[in-house]
Asks: 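So that we are looking at the same thing, I have put the structure below in structure tokens.
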Protein chains: 2
Amino acid sequence: MRKTKIERPEEQQRFETFLRSRQLKLTGERLELVEEVFGQPHHFDADQLHMALKQKGKAISRATVYRTLDLLVQCGLVRKSSFGDQYAHYEAVRSDEHHDHLICLNCDAIIEFFRADLEALQEQICREFNFKPMHHSHQIFGLCQACQGKTTDDSVLAHRLSQLNT
Amino acid sequence: MRKTKIERPEEQQRFETFLRSRQLKLTGERLELVEEVFGQPHHFDADQLHMALKQKGKAISRATVYRTLDLLVQCGLVRKSSFGDQYAHYEAVRSDEHHDHLICLNCDAIIEFFRADLEALQEQICREFNFKPMHHSHQIFGLCQACQGKTTDDSVLAHRLSQLNT
DNA sequence: GTTGATGCAAACTATTTGCAGGCAG
DNA sequence: CTGCCTGCAAATAGTTTGCATCAAC
């Protein structure tokens, strides 16, 4: 077997191309961040990412984490969203298909869904308003199947609802 | 004509009832806040409200503004939302009909819309996931009719898009 | 060697909170 | 007169930034 050049995962290559196109530099920190981002199975926030890296011995400063996440969002490898709390949630973009979210107010479960008919209806609405859509954000808050059975404290739920920044 | 008791606008009465039901007090500050909130034609934020009051000689502290807005949200007279920036937007609730928003990334115009078919489709989706919806948040970001004609700086738009916390 | 990147700490922004004095009920 | 309310200032939390140093190209 002949020795081959070490292969970078596709996302790292995409990031590299993006960086080069803007004369930005491919640093070790940036590569490790991309790797960690794509190692995250679900949504995560800046601090979780920072801590996950620290636990693996890669102490990358919070500032760099934020700066790099910003670049990743710009290059389309990461999606940034807000679920009504005061911090940003991120997720690796593994395919081009976007999705919306159902968010459980009791257990914080995040259920992703995609519905072509919903997308189409939105476009129809935009057409009627002569509005050119570029991005959209759609979250439904409530109780997931598992939490509907549980006896939950209504006042806690009500408070959580009223505090939603959405 | 006989002298009648001074009549409070409906929203103040509703607020009063809400406060009494919780043994909270109807203070001058609270009444002036409700009045100002319902005097705002569109969306506003905590700071705008605070400044609008200050300009009218009613210097109510920011802390009280926030505390009262919170009460108004709990009592259903005010809706709180986030449009992808880092602060909360509020609006007076003048009818029970909720609406979603189209938000222009160029001029910040906020266009409200309500579509029964969209609402129905959301409920259908929730049913399929056995999810019990309690609230939802739906914003479409893009360019309003007026701004589609203007020559806008694409890179500014792209940056704005990428910074959206949605 | 340039130019951009990093880490640190300080700055920032929006919002919340503790506390002492004040006012509604 | 009691307990909630207010203003103030300090505290928070998440995120951004200035600056000196360092590394990619």
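Computed from a predicted model, the values in this text were never measured in an experiment. As a basis for the values below, the full set of heavy atoms in this structure was taken, side chains included, without hydrogen atoms, waters or symmetry mates.
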Asks: List the steps and the verdict of side-chain contact (heavy atoms from CB on, under 4.5 Å) for A:Asp45 and A:Gln48.
Replies: CA-CA 5 Å; A:Asp45 61 48; A:Gln48 283 166 6; 3.5 Å; yes

Asks: Whether B:Asp70 and B:Lys80 form a salt bridge (side-chain N of Lys/Arg under 4.0 Å from carboxylate O of Asp/Glu) is what I want to check.
Replies: no

Asks: For B:Gln12 and B:Leu31, indicate whether the former's side chain and the latter's backbone hold a donor-acceptor pair under 3.5 Å.
Replies: yes

Asks: Need one value for A:Arg20: base, sugar-phosphate or nothing, where a base atom within 4.0 Å counts as base even if backbone is also close, heavy atoms only.
Replies: sugar-phosphate

Asks: Taking atom C1' of D:dT21 as reference, at what distance in whole Å does atom CD of A:Glu29 sit?
Replies: 13 Å

Asks: Of all nucleotides in DNA chain C with an atom under 4.0 Å from a non-hydrogen atom of chain A, which is the first and which the last going 5' to 3'?
Replies: C:dT3 to C:dT16

Asks: Could you tell me, to 10°, how much the axis swings from one end of the helix from C:dG1-D:dC25 to C:dG25-D:dC1 to the other, five pairs per end?
Replies: 30°

Asks: Under 4.0 Å between a side-chain N or O of B:Arg62 and OP1 or OP2 of D:dT6?
Replies: no

Asks: Give the rounded distance in Å between these two atoms: CG of B:Leu33 and P of D:dC5.
Replies: 13 Å

Asks: Rounded off to whole Å, could you give me the NZ-to-P distance for the B:Lys25 and D:dC1 pair?
Replies: 15 Å

Asks: Closer than 4.0 angstrom, basic N to acidic O: yes or no for A:Glu36 and A:Lys56?
Replies: yes

Asks: Please give, in whole Å, the distance from D:dC25 P to A:Glu16 CD?
Replies: 8 Å

Asks: Under 6.0 Å between ring centres: does that hold for A:Tyr87 and A:His89?
Replies: yes

Asks: Report the distance from atom CG of B:Leu69 to atom P of D:dT6, rounded to the nearest whole Å.
Replies: 12 Å

Asks: Does D:dT16 have OP1 or OP2 sitting under 4.0 Å from an N or O in the side chain of A:Tyr66?
Replies: no

Asks: Taking the nucleotide of DNA chain C with the closest heavy atom to each, which residue, B:Asp47 or A:Leu24, is nearer the 5' end?
Replies: A:Leu24

Asks: When you match B:Gly28 and B:Arg67 each to their closest nucleotide on DNA chain C, which lands nearer the 5' end?
Replies: B:Arg67

Asks: Looking only at heavy atoms, which two atoms of B:Lys132 and A:Gln148 are closest? And how far apart?
Replies: N-NE2, 3.4 Å

Asks: In sequence, state the C-alpha distance, the side-chain angles, and the governing distance for A:Phe113 and B:Glu128, and then conclude on side-chain contact (heavy atoms from CB on, under 4.5 Å).
Replies: CA-CA 11 Å; A:Phe113 71 92; B:Glu128 288 172 20; over 6 Å; no

Asks: Does D:dC5 have OP1 or OP2 sitting under 4.0 Å from an N or O in the side chain of B:Thr64?
Replies: no

Asks: Rounded to the nearest Å, what distance is computed from the CG atom of residue A:Leu31 to the P atom of nucleotide D:dA23?
Replies: 16 Å

Asks: Please state whether the rings of B:His101 and B:His99 are parallel, tilted or perpendicular, taking 30° and 60° as the class boundaries.
Replies: perpendicular

Asks: With the threshold set at 4.0 Å, does a side-chain nitrogen-carboxylate oxygen contact exist between B:Glu29 and B:Arg67?
Replies: no

